Amino acid sequence: MAGILAWFWNERFWLPHNVTWADLKNTEEATFPQAEDLYLACPLAFCIFMIRLVFERFIARPCAMGLKIQANGPQKAQPNAILEKVFTAITKHPDEKRLEGLSKQLDWDVRTIQRWFRQRRNQEKPSTLARFCESMWRFTFYLYIFTYGVRFLKKTPWLWNTKECWYNYPYQPLTVDIHYYYILELSFYLSLLLSQFTDIRRKDFLIMFLHHVATISLITFSYVNNMARVGTLVMCLHDAADVLIEAAKMANYAKCQILCNLLFAMFAILFISSRLGVYPLWILNTTLFESWEIVGPYPSWWVFNLLLILLQLLHSFWSYLIVKTACRAISKGKVGKWNPLHVSKDDRSDIESSSDEEDSPPPSQKHHSSTTNGTNKNHGTNGYLTGAPYPDEH
C-alpha cells in the first residue's frame with residue numbers, strides 16, 4: 001500500500017519541475033492546500049443531503065402547496081397480472097406484434113393496451129410536487145454559492161487579470177474563503193452524484209453522471225496541485241446559468257408559462273454565451289496558454305486541461321440541443337405553446353424532456369396512438385403538466 005501511495009502521489013506527476021510536497025507543507029507563515037483537507041467533503045456531502053431532505057419537507061413543500069401544485073401523481077393503470085408481467089419482465093415498450101398478441105389474449109383493443117402501458121410507465125414517475133421541491137433545493141443552493149463566489153472573487157486580483165492565477169505558482173497561500181468555497185462545492189457535487197441514483201431518473205443520466213465525475217475530478221485536481229485560483233473562476237462561471245434553469249423549472253411546475261419561457265430564454269443566452277464564449281476565451285486561454293508561458297507544462301497540467309476540454313465538449317453538446325430545440329419550435333410556428341423544459345437539456349440541471357421520453361410511441365405504434373392524442377392532449381405527455389404538447393407535435 002505504501003508503494004501504491006508513493007506511486008500515486010509522485011511529485012513529478014502532480015507538481016512542476018523542482019517542486020516537492022515538502023515545499024507545500026503548512027507553516028506558521030503560510031497555509032497550502034493539503035489532499036487530506038478533501039476528506040471533510042465526504043461527511044459534509046451526507047450532511048448536505050440531509051439538509052436537502054429537511055429543506056424539501058419544511059420549506060419547498062409548503063411553498064409548492066401555496067402555489068397550488070398538486071401532490072398527486074399520474075393516473076394509475078388498472079391491475080392486470082398478464083400486462084404487469086410483460087411490463088416488468090419483458091418490455092416497457094411492446095412492439096406492434098406483441099400488442100396484437102396481447103390484444104387477442106386479453107380480448108382488449110390495441111389502443112387500450114397502449115394506454116395501459118403509457119399509464120404504467122407514468123406511474124413510476126414522481127409527482128409535480130416532488131419535482132418542484134428538487135428544483136427549489138437546487139435553485140437555493142446555486143443562488144447561495146453563486147452569490148458567495150461573486151462577492152469573494154470581486155475582491156481578488158485574478159478575477160481581473162487571469163495571469164495572477166499563475167504568478168508565484170504553486171506557492172500561493174490558501175485562504176479561508178477559497179477553502180470554504182472548494183469544500184462546499186465538492187460536497188455538493190458529491191451529494192448530487194450519489195442522489196442521482198435516488199432522484200428523478202432522466203434520459204441524460206449517463207451524460208450527467210459523466211459531468212459530475214468530471215466536475216469532482218476537476219475540483220480535486222485543482223485543489224491538490226494548488227490551481228485553486230483558476231478553479232474558483234471555473235466554479236463561479238458554471239453556477240451562473242444553473243440558477244436560471246432551476247428557476248425556469250419551478251415556474252414551469254407552477255404553470256407560469258410566460259415566466260418559464262422568459263427564464264429559459266435568459267438561461268439559454270447566458271448558457272451559450274458563458275460556455276461557448278467566456279469559458280474558452282477566458283478560462284481555457286489562461287489554463288492552456290498563460291500557464292504554459294508563466295509556469296510551463298507538467299503531467300498533471302495535461303490531465304487538468306484535458307478535463308477542462310472534456311467539459312467544453314459537454315458544453316457544446318448541450319448548447320447544440322438548446323439551439324436545435326429553439327429553432328425547431330420557431331420553424332414550426334409553435335412558439336406560443338412551446339414548453340422548452342419538455343424538449344431540451346442543461347449541463348447540470350437535467351431539463352425535463354427526459355421525463356417525457358417514455359411517452360412517445362415507437363414508430364410502429366404511431367398510427368395507433370395518433371387517434372388518442374386528441375382526447376389526452378390536455379393532460380400533457382407525462383400526466384403532470386397541463387397544456388403541454390405531445391412529443392410528435394414539436
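All values derive from a computational prediction rather than experimental measurement. Positions are given from 1, in the same order as the sequence printed here.
The line from CZ of Arg118 to CZ of Arg111 is 10.5 Å long, rounded to the nearest 0.5 Å. Once rounded to the nearest 0.5 Å, the distance linking CG of Leu174 with CD of Gln34 reads 9.0 Å. To the nearest 0.5 Å, the span separating CG on Leu233 from CD1 on Ile283 amounts to 5.0 Å. Rounding to the nearest 0.5 Å gives a distance of 8.5 Å between CD1 of Ile178 and CG of Leu153. For the atom pair CD1 (Ile48) and OG (Ser187), the distance works out to 4.5 Å, reported to the nearest 0.5 Å.
Using a 4.5 Å heavy-atom cutoff, the side chains of Phe87 and Arg121 are in contact. Within the 4.5 Å cutoff, the side chain of Ile59 has heavy atoms near those of the Met136 side chain. Counting heavy atoms from C-beta on, the side chains of Leu67 and Phe132 come closer than 4.5 Å. In this structure, the side chains of Arg120 and Glu84 come closer than 4.5 Å at one or more pairs of heavy atoms. Within the 4.5 Å cutoff, the side chain of Val224 has heavy atoms near those of the Leu38 side chain. Here the side chains of Arg138 and Asp242 are not in contact, with every heavy-atom distance at 4.5 Å or above.
Scanning for side-chain contact (heavy atoms from CB on, under 4.5 Å) contacts around Leu40 gives Ile183, with sequence neighbours left out. For Glu290, the side chain to side chain donor-acceptor pair (under 3.5 Å) criterion is met by Thr162, Thr286, not counting sequence neighbours. In this structure, the side-chain contact (heavy atoms from CB on, under 4.5 Å) partners of Thr112, at least two apart in sequence or on a different chain, are Trp108, Asp109, Arg115. With sequence neighbours left out, Trp158 forms a side chain to side chain donor-acceptor pair (under 3.5 Å) with Thr232.
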key: Worked check of ring-ring contact (aromatic ring centres under 6.0 Å, His included) between Tyr180 and Tyr148   = CA-CA 10 Å; Tyr180 173 79; Tyr148 175 85; 5.1 Å; yes
task = Assess whether salt bridge (charged side-chain N to carboxylate O under 4.0 Å, His left out) is satisfied between Lys104 and Glu100, documenting all intermediate values.
result = CA-CA 6 Å; Lys104 294 177 182 178; Glu100 291 175 354; over 6 Å; no
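Between the side chain of Asn26 and the main chain of Thr31, no donor-acceptor pair closer than 3.5 Å is present. No donor-acceptor distance shorter than 3.5 angstrom exists from the side chain of His179 to the backbone of Thr175, with no hydrogens or angles considered. No donor-acceptor pair under 3.5 Å is formed between the side chain of Ser103 and the backbone N or O of Leu99. Although no hydrogens or angles enter the test, the distance criterion places a donor-acceptor pair under 3.5 Å between the side chain of Ser273 and the main chain of Leu270. In this structure, the side chain of Glu246 does not engage the main chain of Leu244 through any donor-acceptor pair within 3.5 Å. Listed for the Arg275 side chain is no donor-acceptor partner under 3.5 Å among the backbone atoms of Ser316. Side-chain atoms of Tyr279 come within 3.5 Å of backbone atoms of Leu308 as a donor-acceptor pair (strictly under, hydrogens ignored). Counting only distance, with no hydrogens or angles, the side chain of Gln105 and the backbone of Ile82 share no donor-acceptor pair below 3.5 Å. Checked by atom type and distance alone, the side chain of Asn226 pairs as donor or acceptor with a backbone atom of Gln172 at under 3.5 Å.
A chain of hydrophobic side-chain contacts below 4.5 Å, direct or via other Ile, Leu, Val, Met, Phe, Trp or Tyr residues, connects Ile51 to Tyr144. Leu313 and Leu284 are not part of a single hydrophobic cluster, where members link through side-chain heavy atoms under 4.5 Å apart. Leu184 and Val54 fall into different hydrophobic clusters, defined by Ile, Leu, Val, Met, Phe, Trp and Tyr side-chain heavy atoms under 4.5 Å apart, directly or through other members. Phe271 and Phe317 fall within a single hydrophobic cluster, where Ile, Leu, Val, Met, Phe, Trp and Tyr side chains are chained together by heavy-atom contacts under 4.5 Å. Grouping the Ile, Leu, Val, Met, Phe, Trp and Tyr side chains by contacts below 4.5 angstrom, directly or via other members, places Phe289 with Trp282.
Sorted by first and then second residue, the side-chain hydrogen bond (donor to acceptor under 3.5 Å, both in side chains) pairs involving residues 295-312 (not counting sequence neighbours) are Tyr169-Tyr298, Asn225-Ser300, Thr287-Asn305, Ser291-Trp301. Within the structure, side-chain hydrogen bond (donor to acceptor under 3.5 Å, both in side chains) pairs that include any residue of residues 4-24 comprise Thr20-Asp23 (at least two apart or interchain).
Looking at every heavy atom in both residues, Pro94 comes nearest to Arg98 through CB-CD, 3.9 Å. The minimum heavy-atom distance linking Cys260 with Ala248 is given by the pair SG-O, 3.6 Å.
For the ring pair (Phe, Tyr, Trp, His ring centres under 6.0 Å) with Phe188, the qualifying choice from Phe49, Tyr182, Tyr142 is Tyr142, the only one to do so.
Around atom CG of Leu281, more than 12 heavy atoms belonging to other residues, nucleotides or ligands sit under 6.0 Å away.
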